[in-house]
Amino acid sequence: GVLSDGTNGHILALSVKGGFTLVLTNTNSAYSGGITIAGSNSTLSVNDVRELGSGGTISLSGGGSGATPTLLITDNMTFSRNIILLNTGGATAGNSQTINVSGGKTFTVGGVISSSGSTGAQSLQLTGAGNLILNTPATYNGSTTLSGGGTLQMGTANALPQTQTVLFSGTGGTLDLAGNSTTVGRLQSAAGVTTALVTNSINSAVNLNITDELQGDSATTRWAGTIQDGAGGAVAVHFNNANGGNVGWLLGTANDYIGGTFMDAGNPLHITADLSLGRAPVAPNTTIGSLFLANGSSLNADASLALNA
């Protein structure tokens with residue numbers, strides 16, 4: 001059937017809750033009151049952006065109990081309005097609201113993804129093997145998790161919250177900078193993650209700024225992912241933790257970026273594998289890229305390291 005606003009100014013809002021799944025298939029929907037998906041295992045499935053109505057926001061409401069409401073995207077679409085990660089439960093427990101994009105499909109968000117409600121971090125999890133593109137800087141106050149093998153693409157500079165964690169878990173996924181310099185707090189790979197890749201698909205040089213730590217599943221385990229230039233321009237990796245601390249960033253795998261590694265401030269950089277600092281622009285007689293140490297920064301190496309002028 002058709003979902004639409006009523007007469008005399010009556011506005012229809014759609015709510016999915018109680019752990020049910022609602023599948024929308026009618027593209028003639030004309031309701032403008034927005035959508036709320038609330039509670040664990042509550043899912044709204046759509047295959048055309050017109051099914052999401054003509055106005056209002058999408059609210060993924062966890063209720064403050066660690067709940068995971070899901071927006072399931074089964075076809076390519078662009079959504080220009082805002083998405084809110086909402087806590088209405090009054091509890092301090094955070095929530096991990098989910099956007100699941102089916103494999104081979106792309107969901108482009110043009111509006112702001114923000115958080116609202118009482119205390120507790122409101123986090124975003126990307127599941128499914130599809131692509132999520134963020135075209136506007138997000139402002140939600142929790143982490144971002146890639147867990148289904150999909151791709152999270154930056155459609156603008158600093159599309160992710162600049163002080164929060166990006167976590168790769170489960171089958172992981174790809175963070176595609178797509179020609180946009182990006183700042184994150186912590187870049188982290190969970191134990192047993194299948195894929196944790198940061199790449200740049202657009203032919204434009206970018207900076208990846210990490211203001212907290214680059215680590216594995218704890219502060220003393222190494223990053224299990226890879227940072228690379230991809231098919232695009234050079235990636236330069238900047239570490240800048242002005243707060244200091246006892247544990248440095250841990251680079252444990254061979255990386256393939258040529259933009260250089262910059263220790264702008266803060267903790268020591270700890271490497272445990274050859275090529276942890278990226279690939280040199282010129283291959284003969286070199287094994288790593290450029291390293292820049294600001295005053296007060298240092299390098300700890302568990303592997304042999306040759307420095308060439």
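Every heavy atom of this structure was used, including side-chain atoms; hydrogens, water molecules and symmetry mates were not.
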Sidechain-backbone polar pair: [X] side chain, [Y] backbone, donor-acceptor under 3.5 Å:
{"X": "Asn131", "Y": "Gln153", "result": "no"}
{"X": "Ser4", "Y": "Tyr31", "result": "no"}
{"X": "Thr182", "Y": "Asn180", "result": "yes"}
{"X": "Ser116", "Y": "Leu86", "result": "no"}
{"X": "Ser123", "Y": "Ser143", "result": "yes"}

Enter the distance from [X]:[atom1] to [Y]:[atom2] here, rounded to the nearest 0.5 Å.
{"X": "Gln122", "Y": "Ile113", "atom1": "CD", "atom2": "CD1", "result": "13.5 Å"}
{"X": "Ile227", "Y": "Thr261", "atom1": "CD1", "atom2": "OG1", "result": "8.0 Å"}
{"X": "Ile84", "Y": "Thr139", "atom1": "CD1", "atom2": "OG1", "result": "9.5 Å"}
{"X": "Leu71", "Y": "Leu52", "atom1": "CG", "atom2": "CG", "result": "6.5 Å"}
{"X": "Asn158", "Y": "Asn209", "atom1": "CG", "atom2": "CG", "result": "7.5 Å"}
{"X": "Ile258", "Y": "Asp229", "atom1": "CD1", "atom2": "CG", "result": "5.0 Å"}

Check [X] against [Y] and note the closest heavy-atom contact, atom names and distance.
{"X": "Gln188", "Y": "Gly216", "value": "CG-O, 3.0 Å"}
{"X": "His10", "Y": "Asp5", "value": "O-CB, 3.4 Å"}
{"X": "Ala236", "Y": "Gly259", "value": "CB-O, 3.5 Å"}
{"X": "Leu152", "Y": "Met154", "value": "CG-CE, 3.7 Å"}
{"X": "Ser189", "Y": "Ala224", "value": "OG-N, 2.9 Å"}

Kindly indicate whether the side chain of [X], heavy atoms from C-beta on, has any atom under 4.5 Å from the side chain of [Y].
{"X": "Phe79", "Y": "Ile73", "answer": "no"}
{"X": "Val184", "Y": "Ile210", "answer": "yes"}
{"X": "Leu160", "Y": "Leu175", "answer": "yes"}
{"X": "Ser45", "Y": "Asn100", "answer": "no"}
{"X": "Thr70", "Y": "Ile37", "answer": "no"}
{"X": "Gln97", "Y": "Ile83", "answer": "no"}

Out of curiosity, does [Y] fall in the hydrophobic cluster containing [X] (side-chain heavy atoms, cut-off under 4.5 Å, transitive links)?
{"X": "Val109", "Y": "Val112", "answer": "no"}
{"X": "Leu14", "Y": "Leu85", "answer": "yes"}
{"X": "Phe107", "Y": "Ile133", "answer": "no"}

Let's go through Leu72 and Ser102 carefully: what are the C-alpha distance in whole Å and the side-chain angles of both, what is the deciding distance for side chain to side chain contact (heavy atoms under 4.5 Å, CB included) to 0.1 Å, and is it a yes or a no?
CA-CA 8 Å; Leu72 174 60; Ser102 299; 4.3 Å; yes
I need the full list of ring pair (Phe, Tyr, Trp, His ring centres under 6.0 Å) pairs touching residues 121-142, with sequence neighbours left out, sorted by first then second residue.
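For residues 121-142: none.
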Which side-chain N or O atoms in residues 197-208 pair as donor and acceptor under 3.5 Å with protein atoms at least two apart or in another chain?
{"from": "Thr199", "atom 1": "OG1", "to": "Gln228", "atom 2": "NE2", "distance (Å)": "3.4"}
{"from": "Asn200", "atom 1": "OD1", "to": "Ala178", "atom 2": "N", "distance (Å)": "3.4"}
{"from": "Asn200", "atom 1": "OD1", "to": "Gly179", "atom 2": "N", "distance (Å)": "2.7"}
{"from": "Asn200", "atom 1": "ND2", "to": "Ile202", "atom 2": "O", "distance (Å)": "3.3"}
{"from": "Asn200", "atom 1": "ND2", "to": "Ser204", "atom 2": "O", "distance (Å)": "2.9"}
{"from": "Asn200", "atom 1": "ND2", "to": "Gly233", "atom 2": "O", "distance (Å)": "2.9"}
{"from": "Ser201", "atom 1": "OG", "to": "Asp176", "atom 2": "OD1", "distance (Å)": "3.2"}
{"from": "Ser201", "atom 1": "OG", "to": "Asp176", "atom 2": "OD2", "distance (Å)": "2.7"}
{"from": "Asn207", "atom 1": "OD1", "to": "His238", "atom 2": "NE2", "distance (Å)": "3.4"}

Selection residues 99-110 - residue pairs positive for salt bridge (charged side-chain N to carboxylate O under 4.0 Å, His left out), sequence neighbours left out
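Listed once each, the pairs are Asp75-Lys105.
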Between side-chain atoms of residues 163-172 and protein atoms elsewhere (two or more places apart, or another chain), which donor-acceptor pairs fall under 3.5 Å?
{"from": "Gln164", "atom 1": "NE2", "to": "Asn141", "atom 2": "O", "distance (Å)": "3.4"}
{"from": "Thr171", "atom 1": "OG1", "to": "Ser147", "atom 2": "O", "distance (Å)": "3.1"}
{"from": "Thr171", "atom 1": "OG1", "to": "Gly149", "atom 2": "N", "distance (Å)": "3.2"}

Taking only residues two or more places apart in sequence, or in another chain, which ones meet Arg81 in a salt bridge (Lys or Arg N to Asp or Glu O under 4.0 Å)?
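Not a single residue meets the salt bridge (Lys or Arg N to Asp or Glu O under 4.0 Å) criterion with Arg81.
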When you look at Thr74 and Asn47, which way does the side-chain hydrogen bond (donor to acceptor under 3.5 Å, both in side chains) test go after all the steps?
CA-CA 5 Å; Thr74 61; Asn47 64 6; 4.7 Å; no
Contacts under 3.5 angstrom, residues 15-29 side chains, donor-acceptor by atom type, not counting sequence neighbours:
{"from": "Asn26", "atom 1": "OD1", "to": "Asn28", "atom 2": "N", "distance (Å)": "2.8"}
{"from": "Asn26", "atom 1": "ND2", "to": "Gly1", "atom 2": "O", "distance (Å)": "3.2"}
{"from": "Ser29", "atom 1": "OG", "to": "Asn26", "atom 2": "O", "distance (Å)": "3.2"}

